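Values in this document were obtained by computation on a predicted structure and should not be read as measured data.
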Amino acid sequence: QVQLVESGGGLVQAGGSLRLSCAASGGAFSTFNMDWFRQAPGKEREFVAGISRTGGITYYADSVKGRFTISRDNAKKTVVLQMDSLKPEDTAVFYCAADRGGVGSRSPDAMDYWGKGTLVTVSS
C-alpha cells in the first residue's frame, strides 16, 4: 500500500508560479511511475504530467507543455510539479498518482494509488 500526500496548492495571480509536492510513504517509491492529474469543477479528471521510475522520461499534456515541469527524488520519496505562467484555466484540484504500468500511461484508470488532492486557484 502506498500513501500519497500533496501540498503546495493555493491562490495565485495569472502569470504566477506554484510548486506542488507529493510525499509518498508505505511502498517502494522507485518502482512506480509518478503522475499529476487535475480536475476542474464540472469536468473530468485529466492527465497533467508524468515521470518514469528513474526520472529519465517525462511527459506532459499539451496544455501545460513548456509551463509545467515534473521531477522526482527517489531518496526523499517525493515528486514535484513546478507550475509557471499559470492561467485561470489551470484552476483545479491537483492529484498525485502512482502507477506500476508502462511509462506514459495517461488514463486515470491506469493509476494504482491516489492522493487526496490540493486546490490550485489562479485569479485573472
Side-chain angles (χ1 to χ4, degrees):
Q1 192 77 4
V2 174
Q3 292 81 44
L4 302 172
V5 179
E6 303 94 337
S7 61
L11 174 64
V12 64
Q13 288 189 332
S17 298
L18 278 177
R19 184 178 175 90
L20 304 184
S21 292
C22 173
S25 62
F29 181 73
S30 63
T31 66
F32 293 92
N33 302 309
M34 296 300 298
D35 307 271
W36 286 94
F37 286 75
R38 66 185 179 187
Q39 188 165 18
K43 295 189 177 181
E44 293 187 350
R45 193 169 297 191
E46 65 173 2
F47 171 80
V48 174
I51 188 166
S52 63
R53 293 167 178 81
T54 63
I57 299 172
T58 58
Y59 36 103
Y60 299 91
D62 288 342
S63 58
V64 307
K65 201 172 295 183
R67 300 189 298 121
F68 291 9
T69 303
I70 188 170
S71 61
R72 68 187 293 164
D73 186 329
N74 284 349
K76 295 182 179 179
K77 295 187 176 182
T78 58
V79 59
V80 169
L81 185 68
Q82 176 66 40
M83 306 187 296
D84 299 316
S85 303
L86 283 161
K87 305 175 181 179
E89 51 264 43
D90 293 318
T91 294
V93 176
F94 280 71
Y95 297 90
C96 176
D99 80 87
R100 292 193 182 96
V103 174
S105 296
R106 299 179 181 225
S107 169
D109 293 338
M111 302 299 113
D112 294 293
Y113 298 100
W114 291 92
K116 293 185 177 181
T118 184
L119 177 62
V120 171
T121 303
V122 184
S123 63
S124 56

Nearest non-hydrogen partners of [X] and [Y], listed with the distance:
X     : Y     : value
Lys43 : Gln39 : O-NE2, 3.1 Å
Leu81 : Ala49 : CD1-CB, 4.0 Å
Ile51 : Ile70 : CG2-CD1, 3.8 Å

Cluster check [X], [Y]: I/L/V/M/F/W/Y, side chain < 4.5 angstrom:
X      : Y      : result
Phe94  : Leu86  : yes
Val120 : Val48  : yes
Val122 : Leu119 : no
Met83  : Trp36  : yes

Practice item. Could you list the residues that satisfy side chain to side chain contact (heavy atoms under 4.5 Å, CB included) with Ser52, not counting sequence neighbours? Key: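 Ser52 satisfies side chain to side chain contact (heavy atoms under 4.5 Å, CB included) with Asn33, Thr54, Ile57, Val103 once adjacent residues are dropped.
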Residues passing the side chain to side chain contact (heavy atoms under 4.5 Å, CB included) test with Ala98, sequence neighbours excluded, are Leu4, Phe32, Met34, Tyr113
### Query
For Arg53 and Phe29, what are the C-alpha separation, side-chain angles and deciding distance, and is it a side chain to side chain contact (heavy atoms under 4.5 Å, CB included)?
CA-CA 8 Å; Arg53 293 167 178 81; Phe29 181 73; over 6 Å; no
(Q) Taking Ser107's backbone N and O only, do any of them form a donor-acceptor pair with Ser105's side chain (distance below 3.5 Å, no angle check)? (A) no
Here the gap from Ser25 atom OG to Gln3 atom CD, rounded to the nearest 0.5 Å, amounts to 4.5 Å
Going by an N to O cut-off under 4.0 Å, is there a salt bridge joining Asp90 and Arg38? yes
Applying side chain to side chain donor-acceptor pair (under 3.5 Å) to Asn74 and not counting sequence neighbours gives Arg72
Query raised in the report: Got a sec, which residues hit salt bridge (Lys or Arg N to Asp or Glu O under 4.0 Å) with Glu89, two or more places apart in sequence or on another chain?
Result: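 Glu89 satisfies salt bridge (Lys or Arg N to Asp or Glu O under 4.0 Å) with no residue once adjacent residues are dropped.
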| query | Quick one: does Trp114's side chain get under 4.5 Å of Arg45's, heavy atoms only? | reply | yes
Side-chain donor-acceptor distances from residues 6-20 under 3.5 Å, at least two apart:
unit_1 : atom_1 : unit_2 : atom_2 : d
Glu6   : OE1    : Lys116 : N      : 3.2
Glu6   : OE1    : Gly117 : N      : 2.9
Glu6   : OE2    : Cys96  : N      : 2.8
Glu6   : OE2    : Gly117 : N      : 3.2
Ser17  : OG     : Asp84  : OD1    : 2.7
Arg19  : NH1    : Gln82  : OE1    : 3.4

The complete set of ring pair (Phe, Tyr, Trp, His ring centres under 6.0 Å) pairs with one or both residues in residues 49-69, sequence neighbours excluded, reads Phe47-Tyr59
